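Remember, predicted model here, so these are calculated numbers, not experimental data. Below, each value reflects all heavy atoms present in this structure, side chains not excepted, and no hydrogens, waters or symmetry copies.
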Amino acid sequence: SGVHKLCLNKYLSWLFVQNSWFITPKTFLVKNIQDLENISYQWKIFVKPCNGWSSVDNWVFLNIREARDHIRKILSYDDVLVQEFIVKQREFTVSIVWDFDKNPKVLAISEVITQKEIFDYDAKYKADWATEIVHADLEKDLKKEIEKVALSIYTLFQAKTFARIDFIYENGKLYFLEVN
């Protein structure tokens, strides 16, 4: 479906959410190596395939120069998403389902705790590198905010049945990462 395709393309989904006034990391789409000339960051960058899944080929670099070879690798099979790296206090994934009346309902807010800098492929699938706490221990106001923002994004995308929406929480701000 169109919604599924939109969610799979990380840049288009970022544009969609960013243009709807949600907080997002600064993001650039790289379609060829020359696009790197237009990118500047004051801090670390996060690099991933635009249409990737399961955190394959996701990496953090100090700067574009260090990321150049990895970006070339990804460009051999996909466009590249380059994002401002957000130093996370906490990372959340929100599972949303339709109820029996086809209304979206938050099933769970899970907190992702990883021993690595990012929740990459190794952290997801290798034992003891990460923990996902279903029904995260949250202050009441933060829980309400996460639920409200996740449900708003789910509705914005016109998602159906099931979706998972990922966020980083840092210094009182909830940054949208992606919809799965």
Taking [X] for its side chain and [Y] for its backbone only, find out whether a donor-acceptor pair lies under 3.5 Å.
X	Y	value
Trp14	Phe28	no
Gln89	Asn171	yes
Asp101	Asn103	no
Asp78	Ile74	no

Item to check | Ile45 side chain near Phe85 side chain, heavy-atom distance below 4.5 Å | outcome: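 Sidechains of Phe85 and Ile45: no contact.
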
Item to check | Any Phe157 side-chain heavy atom under 4.5 Å of Val17 side chain | outcome: yes

Look up atom [atom1] in [X] and atom [atom2] in [Y], then write down how far apart they are to the nearest 0.5 Å.
X	Y	atom1	atom2	value
Tyr169	Ile146	OH	CD1	8.0 Å
Asp79	Asp35	CG	CG	8.5 Å
Ile133	Ile113	CD1	CD1	3.5 Å
Lys31	Leu75	NZ	CG	10.0 Å
Leu177	Phe167	CG	CZ	8.0 Å
Phe176	Ile23	CZ	CD1	13.0 Å

Checklist entry - Quick check: are there more than 12 heavy atoms from other residues, nucleotides or ligands sitting under 6.0 Å from CG of Asp137? => result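 Incorrect, the count does not exceed 12.
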
Checklist entry - More than 12 foreign heavy atoms under 6.0 Å from NZ of Lys26: is that the case here? => result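 Yes.
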
Next on the checklist: For Thr27, run the side-chain hydrogen bond (donor to acceptor under 3.5 Å, both in side chains) check against Gln83, Lys10, Gln18 and tell me which one passes.
Outcome noted: Gln83

Next on the checklist: Assess the residue pair Lys173 and Ile86 against the criterion (side-chain contact (heavy atoms from CB on, under 4.5 Å)); give the C-alpha distance rounded to whole Å, side-chain angles, the decisive distance to 0.1 Å, and a yes or no.
Outcome noted: CA-CA 11 Å; Lys173 293 181 182 176; Ile86 306 296; over 6 Å; no

Checklist outcome for this item: Of all heavy-atom pairs linking Tyr154 and Phe162, the shortest is OH-N, 4.2 Å

Checklist entry - Between Phe16 and Ile165, is there a shared hydrophobic cluster once you connect ILVMFWY residues whose side-chain heavy atoms come closer than 4.5 Å? => result yes

Checklist entry - Is Trp21 reachable from Leu156 through a run of I, L, V, M, F, W or Y residues, each pair having side-chain heavy atoms under 4.5 Å apart? => result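 No, no single cluster joins them.
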
Checklist entry - Parallel, tilted or perpendicular: which describes the rings of Phe61 and His70, with under 30° parallel and over 60° perpendicular? => result tilted

Item to check | Residues Lys144, Asp141; criterion salt bridge (charged side-chain N to carboxylate O under 4.0 Å, His left out); working and verdict | outcome: CA-CA 5 Å; Lys144 281 183 179 181; Asp141 289 344; 5.5 Å; no

